[in-house]
Amino acid sequence: MARAKISAPKGVSEYVPPRSRLFEFVRESLIAPARLAGYELMELPVFEDTELFKRGVGESTDVVSKEMYTFTDRGDRSITLRPEGTAGAMRAVIEHALDRGPLPVKLWYSGAFFRAERPQAGRYRQFYQVGIEAIGLDDPAIDAEVIAVADAGFKAIGLKKYRLEITSLGDAQSRAAHKVDLTKFISTLDLDEATSLRASMNPLRLFDDKRAQMRVVMSRAPLLMDYLSDASRRHFESVKTYLDALGVAYVLNPRMVRGLDYYTGTTFEFVHELLGSQSGIGGGGRYDGLMHELGGQELSGIGFGLGVDRALLAAEAEGVIALDGFASDLYIIPLGDAAMLRAMEIAMDLRKAGKSVEIAFGDRALKGAMKAADKSGVRFVVVIGDDEMLTSYVKLKNMSSGVTSSVKIASLADAL
RNA sequence: GUGGACGUAGCUCAGCUGGUAGAGCACCCGGUUGUGGUCCGGGAUGUCGCGGGUUCGAGCCCCGUCGUUCACCCCA
């Protein structure tokens, strides 16, 4: 009498074996370069005071205005599942006074994020991101390092078919001057209702319009890049010089639009070529006013968020990762109850020595156990029965060559 | 949120103009006594996404709904 099935909520990404192996590999690959660069872990809540995102990310953004999972908790507080990582990171830095210590504060995180969007391949309501934040330093060198760390993560996965796009959003004065001219330009256009509404929220959005005729029209629009203050321009030039010297390839995209309000100055995106419509695999930039906006000191910062789900999709599209190569070192097949106990003892000892060891549980026939061992891709197999327990020697079988050799149980660890 | 496509065993799919479901792979057991990969034999599995409707009869037609997917939007 089967009960009605309960399925996962709409649009979530979840990973089970064997694909979870790839997910783990991708996530670890993205994190490793940050660890090597001295970034330290922060583990933050997935829900925050709704106000944090309204103030930090900006109420005019789509993310905040229509994509947040917001609810009222039992204490009548408005709570929101985090749609991105930077605002929460800044909140924690302020709350724990990390900004009162040595600068820059360098942090990394990894976890689930939530946006109530229409699901699509590569776009989920719960998705995974790895990110870093470097707070309290204005040096263009740190911009370049942050970008290089992200790039190294993608390279560690083996990705090749992606490009890094960079631009500078300049400082507040640069943007204000540009906005005046851009708004003037847009007012001369004949726009449909949805588009002019978007323009009124954030005129830069029109640069992101995918319709061919809009692209033509917008090709005549004034570019923010041409309004950069001297300081912003020098900073950005320096970032590019560092990237060139480090061999990090990039293309300039003066029309780049970011969906979060806090970005300033250096801004970048990683775009994959094989991913269709949801092609952004990572992005980030400077957010020089965010800390102050959230009630902290006036410290600048820069960071990125990389999409683990999308990076995995990209890796699969490029065919650069494989499911094999994740098997254990040894598979022990016990024959009988006494042998099972011995097998478990042997397994525990070997695991202490750092070997991965599995046991054939269940009362399967030897042939069935061998088949299971074979399918798991394990490197070695031993059978434990009366003889082995008596002599303390086992026949260690190499599963790829089929060759067996006699090994003393006590020296199995060395033989693996 | 808007528009299009799709939804059959664990997976990939077949099922002709409506007549109460199939293949391959995977899975389990066996091919005589303690060693896998090939081969052979046998076996289990589906409320044909769900709910209505039309019909003597629907996996095939209609409506709704849920889910997936593609594009828009947005972005990781």
Side-chain angles (χ1 to χ4, degrees), chain A residues 1-2 4-5 7-13 16 18 26-27 30 57 61-67 82-86 110-131 150 154 192 194-195 197-198 201-202 205 208-211 214 256-260 269-272 275-284 304-314 331-336 339 360 362 364-378 380-388 394-404:
Chain A
M1 200 70 90
K5 262 188 268 183
S7 49
K10 180 187 176 99
V12 301
S13 68
V16 299
V26 167
R27 184 178 57 193
L30 292 176
V57 180
T61 62
D62 282 23
V63 167
V64 170
S65 64
K66 54 189 197 193
E67 294 171 2
R82 60 184 183 186
E84 59 89 54
T86 302
S110 161
F113 296 84
F114 308 84
R115 285 181 205 172
E117 297 183 273
R118 181 90 163 237
Q120 201 172 316
R123 187 170 74 185
Y124 309 102
R125 291 183 169 183
Q126 173 171 336
F127 56 99
Y128 296 87
Q129 246 178 250
V130 165
F154 291 127
D192 60 81
T195 309
L197 183 66
R198 250 190 307 148
M201 299 275 273
N202 179 357
R205 284 289 169 71
D208 217 17
D209 201 303
K210 286 177 184 166
R211 291 171 297 184
M214 273 304 289
M256 186 191 303
V257 181
R258 302 288 301 164
L260 312 178
E269 257 177 27
F270 290 86
V271 181
H272 198 268
L275 249 32
S277 183
Q278 309 304 325
S279 58
I281 53 176
F304 64 62
L306 311 181
V308 182
D309 312 88
R310 287 188 187 175
L312 171 55
L313 253 19
Y331 198 87
I332 304 178
I333 302 176
L335 301 174
R364 318 186 69 167
L366 178 58
K367 176 168 175 160
M370 283 302 295
K371 279 191 158 182
D374 182 39
K375 261 165 225 153
S376 79
V378 72
F380 292 100
V381 169
V382 296
V383 174
I384 304 282
D386 294 341
D387 296 351
E388 286 79 6
V394 292
K395 275 180 245 156
L396 182 65
K397 178 159 186 170
N398 180 318
M399 291 300 277
S400 54
S401 68
V403 175
T404 64

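Order of the sequence lines fixes the chain letters, A, B, ..., with proteins taken first and strands second; residue numbering starts at 1 for each chain.
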A76(B) phosphate, OP1 or OP2, under 4.0 Å from R27(A) side-chain N/O: no
Kindly indicate whether the side chain of E117(A) and the base of A76(B) share any N or O donor-acceptor pair separated by less than 3.5 Å? yes
Mind checking if A121(A) touches a base, just sugar-phosphate, or nothing, with heavy atoms under 4.0 Å? sugar-phosphate
Nearest-Å distance for atom pair CZ/P, residues R118(A) and C75(B): 18 Å
Test for a donor-acceptor pair under 3.5 Å between the base of G36(B) and the side chain of D374(A), counting only N and O atoms. yes
NA contact type, S65(A), heavy-atom cut-off 4.0 Å: base, sugar-phosphate, or nothing? nothing
Nucleotide nearest K10(A) (side chain, heavy atoms from C-beta), chosen from U68(B), G36(B), C74(B): U68(B)
Establish whether the base of C73(B) is bridged to the side chain of R211(A) by a donor-acceptor pair shorter than 3.5 Å. no
Looking for any heavy atom pair under 4.0 Å, which part of the strands does Q120(A) touch: base, sugar-phosphate only, or nothing? base
Any K367(A) side-chain N or O less than 4.0 Å from OP1/OP2 of U35(B): no
Which part of the nucleic acid does Q126(A) contact within heavy-atom distance under 4.0 Å: base, sugar-phosphate only, or nothing? nothing
Looking at C72(B), I'd like to know if its phosphate oxygens (OP1 or OP2) sit under 4.0 Å from a side-chain N or O belonging to S277(A). yes
Just checking K397(A): base, sugar-phosphate only, or nothing, at a heavy-atom cut-off of under 4.0 Å? base
Taking every heavy atom of I281(A) against every heavy atom of A314(A), the minimum-distance pair comes out as CG2-CB, 4.5 Å
Classify the nucleic acid contact of G131(A) as base, sugar-phosphate or nothing, counting any heavy atom under 4.0 Å across all strands shown. nothing
Report which part of the nucleic acid Y128(A) touches: base, sugar-phosphate, or nothing (heavy-atom distance under 4.0 Å, all strands). nothing
From the options C74(B), G37(B), A76(B), select the nucleotide whose nearest atom is closest to the side chain of R198(A). C74(B)
The nucleotide from C28(B), C73(B), U35(B) with an atom nearest the side chain of K375(A) is C28(B)
Check every strand shown and say whether G402(A) touches a base, only sugar-phosphate, or nothing at a heavy-atom separation below 4.0 Å. base
Base, sugar-phosphate alone, or nothing: which one does L335(A) contact when heavy atoms must sit under 4.0 Å apart? base
Looking across every strand, which nucleic acid part, if any, lies under 4.0 Å from D309(A) by heavy atom: base, sugar-phosphate, or nothing? nothing
From the options C74(B), A76(B), G37(B), select the nucleotide whose nearest atom is closest to the side chain of Q129(A). A76(B)
Could you tell me the separation between the CD1 atom of I281(A) and the C1' atom of C75(B), rounded to a whole number of Å? 13 Å
Indicate, yes or no, whether a donor-acceptor pair under 3.5 Å links the base of C74(B) to the side chain of R123(A). yes
Shortest non-hydrogen contact between G259(A) and T61(A), atoms and distance: O-CG2, 3.1 Å
From NZ of K371(A) across to C1' of C29(B) the rounded distance in Å is 9 Å
Residue R310(A), side-chain atoms from C-beta onward, closest of G34(B), A76(B), G36(B): A76(B)
Could you tell me whether R125(A) contacts a base, only the sugar-phosphate backbone, or nothing, with contacts defined as non-hydrogen atoms closer than 4.0 Å? nothing
Proximity to the side chain of P119(A) - top-ranked nucleotide from G34(B), U68(B), C74(B): U68(B)
